[in-house]
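Let me begin by presenting the structure, written as structure tokens, before commenting on it.
Note that these values count all heavy atoms, side chains included, but never hydrogens, waters or copies made by symmetry.
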Amino acid sequence: MPAHTDQFVVPETMDGERLDRALESLVDGYSRSQLQKLVRRGKVRLGGKRVLRSNGYVRSGDAIEVEHEVEQPAAAPAEVEVLHEDEHVLVVVKPSGMLTHAADRATGQDLAFVMNERFGPLPVSRGEERPGIVHRLDRDTSGLLVLARDEPTMAALQEQFRGQSVEKDYVALVSGKPTGTFRIDAPIGPVPGKEDRQQIDHDDGKDAITDVNAVESFQSHTLVTCRIYTGRRHQIRVHLAARGFPVVGDPLYGTRRQVPLPGDEPRLALHAYRLAFDHPHSGERLTFEAPLPAELAEAVASLRA
């Protein structure tokens, strides 16, 4: 996208001023809220370094660079359903295909960015690129996430996840015919040289536990629910594939022998459908459920038919 950059030097009269207020005085044609959005999108550099928060302070003589993009029709941000909102927490349903958070804040299409634009500024103690994010889902996994709206809430929710008091339940459509209820207790670690893949690693992997329950069986597929007590990357996908029951639509851990679904949509058949935690301030136990998204519900209905 065509762009141009303006350069400014902070005058003595603005020494110690907040960045957004200094920008409001230096940059023509923008409101303060528009300038704050430019900062969040990574379009402002202070002293040669990109800044993502507008509530920092500038010093006399600091160099500021502001990148202006030529306006073009922008892609509409993905729809994110909000199930719960209060002054401390948000509970949302992430769609499949959306990153929980991205390293590049300029894309504007990851969940963290969309929520920060809508409800921000959200806390960034876990990194400027992941405002409010307490836990994450893989890009192609849909379902429930809780976000923090302030730092004390972030710390309290993180402690609940570490203490394994948060209930995280998923539903998956897998290839094969698992039966009954069983536990997969196998450590997980990265595949050397392939940072996008994980594997069962009994030597150097981190502990990972997944409880699996076979809910409904079809000719070549089975609907299962999974509860995880740890949050390792790709945990459910790796555990199920290791048992010979890969999640349908999994490009990393599936096999060529998988039978395609009738009317199969190109997405991972994994959905975080239930989430329960204690509200960090009231102490009330909150439980949320998100039904299967339409494309997965239709696939299951076609299998039943």
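There is a side-chain donor-acceptor pair under 3.5 Å between Ser142 and Arg267. Side-chain atoms of Thr222 and Glu216 form no donor-acceptor pair, as typed in the model, at a separation below 3.5 Å.
Shortest non-hydrogen contact noted between Ala208 and Thr230 is CA-OG1, 3.2 Å. Closest approach of Ala186 to His239, counting heavy atoms only: O-NE2, 2.8 Å. Smallest separation of non-hydrogen atoms from Gln198 and Pro190: OE1-N, 3.5 Å. Across every non-hydrogen atom of Gln235 and Ile188, the tightest pair is CA-CD1, 3.7 Å. Heavy atoms only, all atoms of each residue included: Pro152 and Asp150 are closest at CD-OD1, 3.3 Å. Pairing each heavy atom of Ala172 with each of Leu270, the nearest pair is CB-CD1, 3.7 Å.
The closest side-chain heavy-atom distance from Val39 to Val51 is below 4.5 Å. Side-chain atoms of Thr100 and Asp110, non-hydrogen and from C-beta on, never get closer than 4.5 Å to each other. A heavy-atom distance below 4.5 Å is found between the side chains of Ile228 and Ile236. Contact annotation: the side chain of Asp201 never approaches that of Pro187 to less than 4.5 Å [non-hydrogen atoms, C-beta and beyond]. A heavy-atom distance below 4.5 Å is found between the side chains of Phe182 and Arg243. Between Leu157 and Val89, some side-chain heavy-atom pair lies under the 4.5 Å cut-off. Proximity of Phe288 to Arg274: side-chain heavy atoms (C-beta onward) are nowhere separated by under 4.5 Å. Looking at heavy atoms from C-beta onward, Phe119 lies out of side-chain contact with Leu147 at the 4.5 angstrom threshold.
Linking ILVMFWY residues whenever their side-chain heavy atoms come closer than 4.5 Å, directly or via other members, leaves Tyr253 and Val248 in distinct clusters. In this structure, Met14 is a member of the same hydrophobic cluster as Leu35, with clusters built from ILVMFWY side-chain heavy atoms closer than 4.5 Å. In the hydrophobic cluster analysis, where Ile, Leu, Val, Met, Phe, Trp and Tyr join through side-chain heavy atoms closer than 4.5 angstrom, Val66 is grouped together with Leu46. Linking Ile, Leu, Val, Met, Phe, Trp and Tyr residues whenever their side-chain heavy atoms come within less than 4.5 Å places Leu275 and Val134 in a single cluster. Residues Ile133 and Met115 fall within the same hydrophobic cluster, defined by Ile, Leu, Val, Met, Phe, Trp and Tyr side chains chained together at heavy-atom separations under 4.5 Å.
Residues Arg227 and Asp211 are not paired through a salt bridge, judged by the lack of any N-O separation under 4.0 Å between the basic side chain and the carboxylate. Electrostatic pairing of Glu87 and Arg149 does not count as a salt bridge here, judged by no charged N lying under 4.0 Å from a carboxylate O. Classification of Lys43 and Glu67 as a salt-bridged pair holds, one side-chain N sitting under 4.0 Å from a carboxylate O.
In this structure, CZ on Arg130 lies 11.5 Å from CG on Leu111, to the nearest 0.5 angstrom. With rounding to the nearest 0.5 Å, the separation of CD in Glu284 from NE2 in His281 is 13.5 Å. The structure places NE2 of His234 at 9.0 Å from CG of Leu268, a figure rounded to the nearest 0.5 Å. Between atom CD of residue Glu298 and atom CG of residue Leu303 there is a gap of 12.0 Å, rounded to the nearest 0.5 Å. The distance from atom CG of Leu38 to atom CG of Asp20, rounded to the nearest 0.5 Å, is 12.0 Å.
In summary, of the residues considered (Val27, Val58, Asp62), a side chain to side chain contact (heavy atoms under 4.5 Å, CB included) with Phe8 occurs for Val27 alone.
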TODO: Apply salt bridge (Lys or Arg N to Asp or Glu O under 4.0 Å) to the pair Glu24 and Arg21, showing each step before the final yes or no.
DONE: CA-CA 5 Å; Glu24 189 175 21; Arg21 291 173 182 160; over 6 Å; no
TODO: Show the numbers, then the answer: is there a side chain to side chain donor-acceptor pair (under 3.5 Å) between His221 and Ser175?
DONE: CA-CA 5 Å; His221 303 90; Ser175 295; 4.5 Å; no
TODO: Mind running salt bridge (Lys or Arg N to Asp or Glu O under 4.0 Å) on Arg237 and Asp138 for me, showing each step along the way?
DONE: CA-CA 10 Å; Arg237 297 161 65 184; Asp138 297 337; 3.0 Å; yes
TODO: Apply the test side chain to side chain donor-acceptor pair (under 3.5 Å) to residues Asp86 and His279: give CA-CA distance (whole Å), side-chain angles for both, the deciding distance (0.1 Å), then the verdict.
DONE: CA-CA 10 Å; Asp86 64 39; His279 193 283; 2.8 Å; yes
Task: Steps toward side chain to side chain donor-acceptor pair (under 3.5 Å) verdict (Glu12, Ser60) - done: CA-CA 5 Å; Glu12 291 185 5; Ser60 174; 4.9 Å; no
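No donor-acceptor pair under 3.5 Å is formed between the side chain of Lys206 and the backbone N or O of Gly189. Judged purely by atom type and a 3.5 angstrom limit, Asn116 uses its side chain to pair as donor or acceptor with the backbone of Leu122. Remark: side-chain polar atoms of Arg197 are paired, donor with acceptor, to backbone N or O of Leu252 under 3.5 angstrom. A donor-acceptor pair is defined here as one N or O able to donate and one able to accept, closer than 3.5 Å; no such pair exists between the side chain of Thr5 and the backbone of Glu65. A donor-acceptor pair under 3.5 Å links the side-chain atoms of Lys94 to the main chain of Arg139, judged by distance alone. Distance alone, capped at 3.5 Å, is enough to place a donor-acceptor pair between the His271 side chain and the Ala290 backbone.
Annotation for Asp196: atom CG counts as buried by contact number, over 12 foreign heavy atoms lying within 6.0 Å.
Taking the ring axis of Tyr229 as reference, the NZ or CZ atom of Arg183 stays within 45° of it and closer than 6.0 Å to the ring centre.
Phe161 has its ring centre less than 6.0 Å from the ring centre of His135.
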